[in-house]
Every structure is written in structure tokens, then in C-alpha cells.
Peer 1: 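Can you keep this structure in mind? I'll have questions shortly.
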Amino acid sequence: MPELPEVEGVVRSLQPVVAGKTIRHVEVSNTICTSINKGKACIIKGMDPETFSNRLKGTKIMDVERRSKYIYFYLEDGADEAILVNHLGMTGAWFHVHSLNEIKEEKFRKHIHVILAFEEDEFLVYADIRRFGELRLLDSIADHPPLLEIAPEPFSPGALEYFLMKSALPKYANKPVKEVIMDSHVVAGCGNIYATEALFRMKIHPNRKMARISEKRKKDLFAHIVAILQESIEAGGSSISDYRNINGEAGSMQNRLQMYGRKACPICHTNTKQMVIAGRNSVYCPHCQH
DNA sequence: CGCATCCTCCGGTTGC
DNA sequence: TGCAACCGGAGGATG
């Protein structure tokens with residue numbers, strides 16, 4: 001499941017191979033078309049697949065960037081500008097290939113949903129096993145207001161102040177700290193893996209209520225979140241649930257995780273415990289974390 | 001209107 | 001071997 005560092009890895013590997021390329025042809029899977037015809041949500045959001053294809057066709061990808069866990073493809077078609085916004089969900093993946101057979105893993109090859117053709121033998125392919133991902137073609141980010149509500153990038157200058165301000169709001173006071181730091185309105189891009197790790201490093205119990213964490217510890221916690229996200233980006237992300245960048249390369253951060261997925265605490269060797277917080281499984285050390 | 005809660009999307013994986 | 005339960009980002013519907 002890609003979080004901020006993994007999405008950053010995808011964007012860095014996409015950038016050199018798609019910037020400046022023109023989308024000559026677009027193909028959308030029958031699965032998407034039939035699902036949407038049945039009234040279900042399926043990857044392409046806010047637009048019917050035919051309009052999506054027609055509008056994408058002929059556009060040039062000017063730039064690619066990451067925002068939180070989203071990928072923004074900046075497009076131009078003459079004087080017109082648009083943004084293709086992608087979220088990888090649980091199992092989304094991009095592949096840059098000359099033939100679909102180059103996608104070696106069958107479970108991805110079986111679930112190809114959108115093909116962007118640059119040339120007759122050069123494709124950018126979106127595959128998504130569980131179809132939790134999304135593709136949204138917008139004239140402007142403001143056309144999808146939830147994107148405007150996302151907290152600043154964690155590495156940006158105002159991010160700490162924003163975190164301190166948001167997390168102090170009454171509506172978060174009685175919520176578990178883990179739920180709050182995983183909320184994209186408070187911290188951008190911090191999912192289950194990195195929230196778990198940051199709380200372990202801080203020795204804070206994931207269920208501790210937000211109001212019961214001092215300002216000083218909140219600052220430390222945020223610093224730990226930023227540090228671990230940065231560390232993970234440098235390690236190429238965590239290759240859990242088959243995450244690969246578009247060149248099929250795995251990251252190594254999973255080897256450096258101290259609590260996520262662990263049966264015992266690496267410090268005191270107590271068996272870890274689990275509890276469900278905001279619908280997500282949360283691992284912690286009952287001895288070290290309070 | 002703001003907010004909280006519930007529900008939906010899916011198939012590989014896991015456990016029985 | 002077969003089958004059912006499980007898991008989860010984000011947004012939309014509902015209360």
C-alpha cells in the first residue's frame with residue numbers, strides 16, 4: 001500500500017520517462033466501462049470513460065509531481081491546461097513499457113485498466129488489482145475541493161505550524177493520536193506504516209488521546225514523522241504488498257521498520273499488541289508505548 | 001451548515 | 001482442496 005515515500009518513488013521514476021510526451025491514444029478497460037455503466041465507482045471518477053479518453057487524447061504531459069499521496073500529471077493541449085490526478089489506492093501501479101508483456105507480474109497484467117499510448121510501441125499503463133485507485137481529469141485542482149483541504153507537504157516550512165494548529169482543534173481532542181496523524185487534513189501522506197513507526201519511536205501509545213499529548217511532544221512527534229518519511233524516501237520506500245516503482249524496483253524501508261508488522265518489540269522483546277483504530281489495525285508495544 | 005458515522009469500492013491472502 | 005472472512009484510502013450518503 002503506497003504511502004507518501006512510495007508515491008514519491010513512483011513520481012521520481014515517472015518524471016524522466018513521461019515529461020514532454022504526448023498522449024496519442026487512450027484505452028480504458030471494459031471492466032471500468034461496465035462497472036461505471038452499472039453505477040459503481042471504478043477508478044475513473046467524475047467523468048464518463050469516453051469523455052476521459054477524448055479529453056486526454058492529444059494532450060502533452062508537461063510535468064509530474066506528488067502532492068500528499070496523489071500524483072499530479074500536468075497536461076497541456078495547445079492553450080488548454082488540465083491536470084490528471086491519480087491516487088494509487090491499495091494496489092495501483094504505473095508501468096512504462098514497449099509491450100504489455102513486459103508487465104511480468106500476472107496479477108498486475110490481469111488488471112490493466114488504462115493505457116496511455118505515446119507512440120505505437122511506447123505505453124504508460126495503469127494497473128490496479130483491487131481498483132481502489134482513482135483517476136480524475138480536472139481543469140483545475142479547485143474543481144475537486146477535497147484536494148484543497150489536504151495539509152501542507154510535511155517537508156514544507158509551514159507544515160509543523162499547521163499540524164500544531166489543526167491537531168489542537170476541539171474535534172480532534174478526544175481522538176486517538178494515530179487517527180489524527182493519519183488524517184490527511186492534519187498531516188499529509190502519513191499512512192498506517194509511518195504513523196505506527198513514528199509513534200513507536202516516540203513511545204506514544206497509538207490510542208492516546210490527542211489532548212493528552214503536550215505541545216513539546218507534539219513537536220517531537222511531527223519531527224519524527226518527517227524524519228521517517230524522509231528516511232523512507234531515501235530507502236526507496238517500503239516494499240509491502242508488492243509495491244514497486246515503475247521500473248519494477250523494490251524499496252528497502254521494510255527492513256528498517258521497527259514496529260509495523262512485528263510480533264515482538266525490538267527493544268524490550270515483549271510481544272506486540274494490536275488494536276483497531278479508525279478502522280485500521282494498529283501495532284504497538286504495550287511495555288514501551290504509553 | 002458543520003460534523004460524525006456509516007457505507008462502498010475489490011480480489012489476493014489468510015485461516016479454517 | 002474449497003470456501004468465507006478479512007483488509008483498507010477516500011469520498012459520498014445519511015443522520
Side-chain angles (χ1 to χ4, degrees), chain A residues 1-8 10 28-49 66-72 85-93 103-114 126-138 141-151 154 166-176 178-196 206 209-210 229 237-244 254 260-261 263 274-283:
Chain A
M1 74 188 103
E3 297 182 24
L4 184 151
E6 294 75 33
V7 178
E8 179 69 22
V10 171
V28 174
S29 70
N30 286 331
T31 304
I32 288 184
C33 296
T34 54
S35 285
I36 289 176
N37 280 339
K38 285 187 211 163
K40 294 186 177 182
C42 189
I43 299 176
I44 296 174
K45 305 292 171 69
M47 191 178 278
D48 69 82
R66 180 190 58 72
R67 172 77 178 96
S68 189
K69 299 182 208 170
Y70 291 87
I71 300 171
Y72 290 181
V85 177
N86 167 234
H87 192 294
L88 297 171
M90 301 295 297
T91 53
I103 301 173
K104 292 301 177 200
E105 289 174 278
E106 192 192 0
K107 60 183 173 184
F108 282 111
R109 202 175 55 246
K110 274 168 60 184
H111 297 283
I112 290 172
H113 288 296
V114 175
Y126 182 71
D128 193 335
I129 300 164
R130 287 187 219 176
R131 305 181 222 162
F132 271 33
E134 65 180 62
L135 287 165
R136 219 177 267 276
L137 186 52
L138 304 173
I141 293 300
D143 290 343
H144 187 55
L147 295 171
L148 300 174
E149 304 300 319
I150 299 172
K166 282 290 228 180
S167 62
L169 293 177
K171 66 171 174 171
Y172 295 118
N174 203 33
K175 291 208 184 293
K178 180 160 178 280
E179 178 173 346
V180 179
I181 64 176
M182 286 177 65
D183 186 328
S184 64
H185 302 105
V186 183
V187 179
C190 182
N192 204 1
I193 296 173
Y194 301 108
T196 298
K209 300 303 176 273
M210 197 66 226
L229 291 173
S238 301
S239 288
I240 290 170
S241 302
D242 306 298
Y243 163 76
R244 301 287 188 277
Q254 66 280 5
Y260 185 88
K263 289 273 191 287
Q274 303 189 22
M275 69 189 299
V276 174
I277 296 172
R280 278 152 221 143
N281 193 35
S282 306
V283 189

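All values below come from the heavy atoms of this structure, side chains included, with hydrogens, waters and symmetry mates left out.
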Peer 1: Using atom CG of A/N281 as one end and atom C1' of B/dT13 as the other, report the distance to the nearest whole Å.
Peer 2: 15 Å
Peer 1: What is the distance from CD1 of A/I32 to P of B/dC10, rounded to the nearest Å?
Peer 2: 11 Å
Peer 1: Given atom CZ of A/R130 and atom P of B/dC10, what is their separation to the nearest angstrom?
Peer 2: 12 Å
Peer 1: In whole angstroms, how far is the C1' atom of C/dG9 from the CG atom of A/N86?
Peer 2: 13 Å
Peer 1: Using a cut-off of 4.0 Å on non-hydrogen atoms, how would the nucleic acid contact of A/K171 be classed: base, sugar-phosphate, or nothing?
Peer 2: sugar-phosphate
Peer 1: Any side-chain heavy atom of A/V85 sitting closer than 4.5 Å to one from A/E134?
Peer 2: no
Peer 1: What is the nucleic acid contact for A/G89, judged by heavy atoms within less than 4.0 Å: base, sugar-phosphate only, or nothing?
Peer 2: nothing
Peer 1: Are the side chains of A/Y260 and A/V283 in contact, using a 4.5 Å heavy-atom criterion?
Peer 2: no
Peer 1: Determine the contact category for A/H144: base if any of its heavy atoms lies under 4.0 Å from a base atom, sugar-phosphate if only primed atoms, P, OP1 or OP2 are that close, otherwise nothing.
Peer 2: sugar-phosphate
Peer 1: At under 4.0 Å, does any side-chain N or O of A/K40 touch on OP1 or OP2 of B/dC10?
Peer 2: yes
Peer 1: So what does A/K38 hit on the nucleic acid, given a heavy-atom distance under 4.0 Å: a base, only sugar-phosphate, or nothing?
Peer 2: nothing
Peer 1: For the pair made of CE in A/M90 and P in B/dT13, what is the distance, rounded to whole Å?
Peer 2: 13 Å
Peer 1: Do A/H87 and A/V7 touch side chain to side chain, with heavy atoms closer than 4.5 Å?
Peer 2: no
Peer 1: So what does A/D128 touch, heavy atoms closer than 4.0 Å: a base, only the sugar-phosphate, or nothing?
Peer 2: nothing
Peer 1: Does the ring of A/F132 lie flat against the base of C/dG9, closer than 5.5 Å centre to centre with planes under 30°?
Peer 2: yes
Peer 1: If I take atom CD1 in residue A/I129 and atom P in nucleotide C/dG9, what distance separates them, rounded to the nearest angstrom?
Peer 2: 15 Å
Peer 1: Is it true that a side-chain atom of A/E149 and a backbone atom of A/P146 form a donor plus acceptor pair closer than 3.5 Å?
Peer 2: no
Peer 1: With a cut-off of less than 4.0 Å, is there a side-chain N or O of A/K107 near OP1 or OP2 of B/dT13?
Peer 2: yes
Peer 1: Just wondering, do A/M182 and A/I277 contact through their side chains at under 4.5 Å, heavy atoms?
Peer 2: no
Peer 1: Round to the nearest Å and state the distance from A/R131 atom CZ to C/dC7 atom C1'.
Peer 2: 17 Å
Peer 1: Looking at A/H87, I'd like to know whether one of its side-chain N or O atoms comes within less than 4.0 Å of OP1 or OP2 on C/dG9.
Peer 2: no
Peer 1: Reading DNA chain C from 5' onward, which residue's closest nucleotide shows up sooner: A/N192 or A/Y70?
Peer 2: A/N192
Peer 1: Once hydrogens and angles are ignored, does a donor-acceptor distance under 3.5 Å link the base of C/dC7 to the side chain of A/R280?
Peer 2: no
Peer 1: Reckon A/K110 has a side-chain N or O less than 4.0 Å from the OP1 or OP2 of B/dG12?
Peer 2: yes
Peer 1: Please report, rounded to the nearest Å, how far the P atom of C/dG8 is from the CE atom of A/M182.
Peer 2: 8 Å
